[in-house]
Structures are given as structure tokens and as C-alpha cells.
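Below is one structure; the comments refer to it alone.
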Amino acid sequence: QVPLVESGGGLVQAGGSLRLSCLASGRTFSSSVMGWFRQAPGKEREFVAAISWLGFSTQYAGSLKGRFTISRDNAKNTVYLQMNSLKPEDTAVYYCARRLNSGLANREDDYDYWGQGTQVTVSS
């Protein structure tokens, strides 16, 4: 297994920004598609963004494109999620996920490993 550890969550006011990080252990990180998902209270987990193994291709949930940016640094085994213009409805636990197969994906079932999540709370 490749443990994934998220960090960077916290409390922020509406309109603010946060950058989440996800550190992966293992030598195959650079060949993995990585994704971010989130789960708000009382709701199902939903796709946020995904990035290809070299970072040349990205995919976003339609409602988040333009505010959120996914990126990665393979030298540091880390994937990032930059979140700008945050809204109270962005409040959720954010999860990092790793996909063994190639190709971007936006379904939970397409990802093989998951982190424990980091809480993001946006106050109004």
C-alpha cells in the first residue's frame, strides 16, 4: 500500500484561500493518477479534481473549475489542491486518492488508495 497523508486544512473565512497537500510514500507515486474528493456533512463524497502522472492533464468538477487548482511535484511525492475564493459550501473533509490505472477518473471506485482526510471549514 501507499499511505497518503493530507495536510493544510483548517478554518478560513469566505473569500479566503487554502492549499492542501497530500504526501504519498512509495516509489511509484510519479506513475500514479492522483485525485481529490470531498465529503460535506450529510452528503456523499464527491469528486473535486484529478491530475495525470506527469501533471500535463487535469480534470475538475464543473462547479469548481476556476477556483480550485490541482498540481503535483513528483520529486516531493506530493499533490496539491489550491483553493481560492472559498465559500461556506466548500466546507467538507477533503480526501486525497491514488489511482493505479492510467487515465484521469472522477469516480470513487476508480481509485485504489485513500488518505484519512483533512477538514476544511469556511465561515461566512
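Hydrogens, waters and symmetry mates play no part in the numbers below; they use all other heavy atoms, side chains included.
Side-chain contact between N101 and V33 is absent, with no heavy-atom pair separated by less than 4.5 Å. Within the 4.5 Å cutoff, the side chain of M34 has heavy atoms near those of the R72 side chain. Side chains of E6 and S21 form no contact here, defined as non-hydrogen atoms less than 4.5 Å apart. No side-chain heavy atom of C96 sits less than 4.5 Å from a side-chain heavy atom of W114. Side-chain contact between Y60 and V48: absent, with no pair of heavy atoms (C-beta onward) separated by less than 4.5 Å. Side-chain contact check for Q116 versus V5: every heavy-atom pair is 4.5 Å or farther apart. Contact check for T121 versus V12: no side-chain heavy atoms found under the 4.5 Å cut-off. Between L4 and L23, every side-chain heavy-atom pair lies at or beyond the 4.5 Å cut-off.
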Inset, instruction - Determine, stepwise, if the pair F47 / F37 fulfils ring-ring contact (aromatic ring centres under 6.0 Å, His included). - result: CA-CA 4 Å; F47 171 74; F37 288 74; 5.6 Å; yes

Inset, instruction - Begin from the C-alpha positions of S71 and Q82 and carry the test side-chain contact (heavy atoms from CB on, under 4.5 Å) through to its verdict. - result: CA-CA 8 Å; S71 61; Q82 178 68 43; over 6 Å; no

Legend entry - Verdict with supporting geometry, L11 and S123, side-chain contact (heavy atoms from CB on, under 4.5 Å): CA-CA 7 Å; L11 174 64; S123 64; 4.3 Å; yes

Inset, instruction - Would you please test W36 and V79 for side-chain contact (heavy atoms from CB on, under 4.5 Å) and show each step? - result: CA-CA 9 Å; W36 285 97; V79 62; 3.9 Å; yes

Inset, instruction - Evaluate side-chain contact (heavy atoms from CB on, under 4.5 Å) for S7 paired with L20, printing each intermediate quantity in order. - result: CA-CA 6 Å; S7 62; L20 306 183; over 6 Å; no

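Checked options V93, D90, T91; the residue passing with R38 is D90 (criterion: side-chain contact (heavy atoms from CB on, under 4.5 Å)).
Considering all non-hydrogen atoms of both residues, K87 and V122 come closest at O-CB, 3.2 Å. In terms of heavy-atom proximity, Y111 sits nearest to G35 at CE2-N, 3.7 Å. Of all the heavy atoms in P88 and A14, the pair that sits closest is CD-CB, 4.1 Å. The minimum heavy-atom distance between S17 and N84, with the atom names listed, is OG-OD1, 2.9 Å.
Expressed to the nearest 0.5 Å, how far CD1 of I70 lies from CG of L64 amounts to 11.5 Å. In this structure, W53 CH2 and S31 OG are separated by 7.5 Å, a value rounded to the nearest 0.5 Å. Interatomic distance, L104 CG to T58 OG1, rounded to the nearest 0.5 Å: 7.5 Å.
Relative to the ring axis of Y80, R19 places its NZ or CZ within 45° and under 6.0 Å from the centre. Stacking of R98 on the aromatic ring of F29 is not recorded, the 6.0 Å distance cut-off and the 45° axial limit not both being met.
The backbone N or O of A24 lies less than 3.5 Å from a partner atom in the side chain of N77, making a donor-acceptor pair. Under the 3.5 Å distance criterion, the side-chain polar atoms of T78 are left unmatched by any main-chain donor or acceptor of N74. Checked by atom type and distance alone, the side chain of D112 pairs as donor or acceptor with a backbone atom of L100 at under 3.5 Å.
Residues forming a side chain to side chain contact (heavy atoms under 4.5 Å, CB included) with D110 (at least two apart in sequence, or on another chain): R99, A105, R107.
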